[in-house]
Amino acid sequence: MFPRLHFAVCFTAVLGPTLVHTLCPEAVNSSSLIQSLFPGALLNAIMHIFSFRVSDVLVCNETQRVSFWFVVTDPENTSELISGKDVERAVRISRNRINNAFLLTDETLEFLNIPPTLAVPAESGTPPWLIVFGVVIGVVGVGIIALLISSFIQKRRKKGVTEGEEEDCEEEACDKGNGVSHPVEEGADGVNRGFVGDIPFTKL
Amino acid sequence: PGEEYVSRRGPGPRPPLILCDPQKESLRMEKESRPSWEQPAQFVLACVSYAVGLGNVWRFPYLCQMHGGGGFLIPYLIMLVLEGVPLFYMELAVGQKMRLGSIGAWSAISPYLGGVGIASVVASIYLCLYYNVINAWSFWYLFHSFQEVLPWAECPLNSNHTGYLDECRKATATQYFFYRETLNITSAISDGGGVHVGQALCLLLAWMVVYLCIIRGIASTGKVVYFTATFPYLVLFVYLIRGLTLHGALNGLKYMFTPKLEQLANPTTWINAATQIFYSLGLGFGSLIAFASYNHHNNNFERQAIAVSLINSSTSIFACIVTFSIYGFKATLNYESCLERVKLLLLNTFSLAEDTINVDNITYWITELNKTHPNQFADLLPKLESCDLEAELDTAVEGTGLAFIVYTEAIKNMPLPQLWSVLYFFMLLLLGLGSMLGNVTAVTTPLRDLRFVTHYLSNETTNGLVCLFCLVLGLGFTTRSGNYWLTMFNDYGATFALLLIVLIEIISVCYIYGLEQFAKDIEDMIGHRPNWYWKIVWAIVSPLIIIMLFIFYIINYIMGGTPTYQAWDKDLGQSVTTPYPPYAQAFIILLLVSSIICIPLSALYTYCNRQRPESTISV
């Protein structure tokens, strides 16, 4: 019928060896925390998986190192054991509940030949780095545009000032003396007539 | 009516108006006169920011480890005094005297030497192309640090969620993140692969930041360097405190400071010390000449040269201390996890009680168990790891491997890893950005010296065009095989050319321009002549050292056989030494030759120009 199944459960938690009392072959006559806690907790955790009632978990061959084999019995016929594959599947599915029942983790509670499935990390919609990137590139872009605009405005202003000055001088010949440009009166012979009025008053 | 003196111009053609409007003239002079640093401190900080770069953090600790720890400081400091400071001083002197970028400055030294400046500009362009990609990586890591669980702390799961991805399991999570997520690297340089969009975006951002910092030339750069030069020291200091208080840091420091003086007998130690000083100060790129050309004529650069060189070397040593504390922490962590695994294995196999074995008596237990259960122990032996702290410390890593793999591994184990990660990558970013400012200025300054550029294009436009050019070409390094090309550029793009450039620089200053004339120019600028020490070092010692480095480099290249690179094998989960394919080797030769060929070509061009009978008289 159902083949005897063997699991080894190795605890790395700190539980000292004590007596265990089992129905298993090669039983060691000792009772311990394992014997009192484990069957009930494991049963609670996995019994919803089975379509039939399961009544008992018996602990066998407990070693000093807190590792042991266990079997699961059929309630109708206590000498019959539940199939290994079924129990394996049950343990795999409710691994989280089993761990929580003993306040242990995947690292501290190992079921041989049942590798734990790992939790998928939460995936967010936009990768977070893109958000930070967007902020930084926005700030830098605004900075560049601001600087470009301000230098453009500065240049405009400077060009306006120099253009204004140049306009005064462009139409007529300018005498650019002393920072003040004023138009020069010139006759056809090229004589500077600006001082014509002063000539009678000068004595050489 | 008083006695007035009137100048009368007689009849005749109207004389040209010689008198000018001073206001308009000063405006024109303002446009034409060279911009300068607002404060001399800005110049010093710019040089510090340029010289203190990623190499101080990731190359020097490696060399220290390879060449006998504390003992390496001896050749390092000797080379600093004999080679580093004098060459630095010389470049600053040339720049400040000639008040032109590298091309103009060397043309002024001798018309046949314009090619030296052009070679510097080409080397700087190569550097600009790939160096900013490293900054892009820093940005990538920085942005990825804003997560609850750092993405390089854990391997991603495989498809059926029973374990981790194969590639990640065989390598480590940090290596996986770097090679797969960051670079998405292919298995060989010939395997092109497309552009990695994330990298391309980060490179765009990196160039935008560089542009923002140089947009108005040194008016912008001068303000930015206050931050880029000083903030990394703050982070290094914080890391020093953090590093020294980590568990196991003292192991690393003890390892570093125990000098292995027998390494001093190895010539490679001295060669590496000289090479490190040389490249660490950034000589030969033209950046120092460019920075110094904006100085006031009487700026005392002698003191500044000594100060900057000393600051650069002390930063290297400081970074070394930080790195070795982190090394010590990481090695101790690995050693202790190894011991834990061995303990667990023993406890499980021999069904011992929980607290019988601990870290102190594990070796005792191993021998005991070997005696009492020899058969079981023999079965166990293949699974039993040997844990060795020295071996963990001996894993010397340099370059991007140190910065992005080893450091991140250490950071993920610190409490509050996000904070440390952000600080660290921000520091890397500032170090890289500071160096980039110097490199880009080395390219834009000679460009701005050209009349037609200044006439047609504004400062902002020239700088923008240079940044755009480098961005577009730099996108090639963001492809999946980009890291291999980057390593090629890093190894061959500027290394050889710089040695030749600086050799020609020092020889031309001493023997073509004349040491006496140079000394007189310096006296003119800072008020006193350089003393006999400088003259001897410039004329004899430094050229000899550079010639020695030069010969050594050539011998190494020829004897090295086919150049190889480290290709990432994703099936093995580690790097594999692979030879370059023929076209890549041809490209290496092209890289080596392309910058230095400018020197003879330009000399030839000038010579031909001078020979032509209708040549214009150059003023």
Side-chain angles (χ1 to χ4, degrees), chain A residues 10-17 63-67 110 115-122 124 127-133 136-137 140-141 143-144 147-148 151-152 155 158 161-162 165-166 169 173-181 186-187 189-192 195 198-204, chain B residues 1-6 8-15 17 19-24 27-28 31 139-149 151 154 156-158 160-164 198 201-202 204-205 208-209 211-212 215-216 220 344 347-348 350-355 458-460 464:
Chain A
C10 308
F11 276 111
T12 57
V14 185
L15 286 174
T63 65
Q64 285 239 355
R65 191 64 192 83
V66 196
S67 70
E110 181 194 358
T117 53
L118 301 161
V120 183
S124 59
W129 77 269
L130 213 49
I131 301 173
V132 187
F133 170 81
V136 174
I137 203 171
V140 172
I144 291 178
L147 281 178
L148 284 177
S151 17
F152 187 63
K155 268 199 203 104
K158 233 191 254 178
V161 168
T162 51
E165 278 186 7
E166 277 178 24
C169 288
C174 287
D175 179 21
K176 297 177 180 139
N178 292 332
V180 176
S181 50
E186 268 194 348
D189 54 354
V191 174
N192 184 348
F195 298 97
D198 294 329
I199 292 175
F201 298 108
T202 57
K203 290 185 177 108
L204 280 174
Chain B
E3 282 182 337
E4 290 171 14
Y5 175 75
V6 165
R8 293 175 70 192
R9 278 180 278 169
R14 193 159 68 99
L17 291 170
L19 291 176
C20 328
D21 176 356
Q23 207 166 41
K24 185 160 180 232
L27 276 172
R28 192 172 0 121
K31 258 199 299 181
F139 268 120
W140 172 270
Y141 271 85
L142 178 66
F143 295 149
H144 276 85
S145 308
F146 290 96
Q147 284 177 358
E148 197 182 316
V149 174
E154 282 175 353
L157 303 176
N158 60 17
N160 56 4
H161 294 186
T162 52
Y164 299 118
L201 288 177
C202 289
L204 171 69
L205 176 61
M208 280 173 69
V209 172
Y211 182 52
L212 183 65
I215 193 168
R216 288 195 187 152
S220 329
L344 205 63
L347 286 178
N348 281 346
F350 295 100
S351 295
L352 302 166
E354 188 61 32
D355 44 9
S458 70
N459 212 355
E460 289 86 356

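Here the structure is a predicted model, which is why all the values come from computation and not from measurement. The chains referred to below are lettered A, B, ... by the order of the sequence lines, with proteins before strands, and numbering in each begins at 1.
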For this session: Find the distance between CZ (Phe143(B)) and CD1 (Ile131(A)) and round it off to the nearest 0.5 Å.
Result: 12.0 Å

For this session: Measure the OH-CG distance between Tyr211(B) and Leu147(A) for me, rounded to the nearest 0.5 Å.
Result: 9.0 Å

Problem set entry | Per-residue contact mode, Leu212(B) against chain A (heavy atom under 4.5 angstrom) | both

Exercise. With a 4.5 angstrom heavy-atom cut-off, which part of Leu201(B) approaches chain A: side chain, backbone, both or neither?
Worked result: both

For this session: Kindly give the heavy-atom pair with the smallest separation between Arg216(B) and Ser151(A), and that separation in Å.
Result: NH2-N, 3.5 Å

Problem set entry | Atom of Cys202(B), atom of Trp129(A) and distance for their closest heavy-atom approach | SG-CZ3, 4.3 Å

Seminar exercise, completed: The side-chain contact (heavy atoms from CB on, under 4.5 Å) partner of Val209(B) among Val140(A), Ile137(A), Val136(A) is Val140(A)

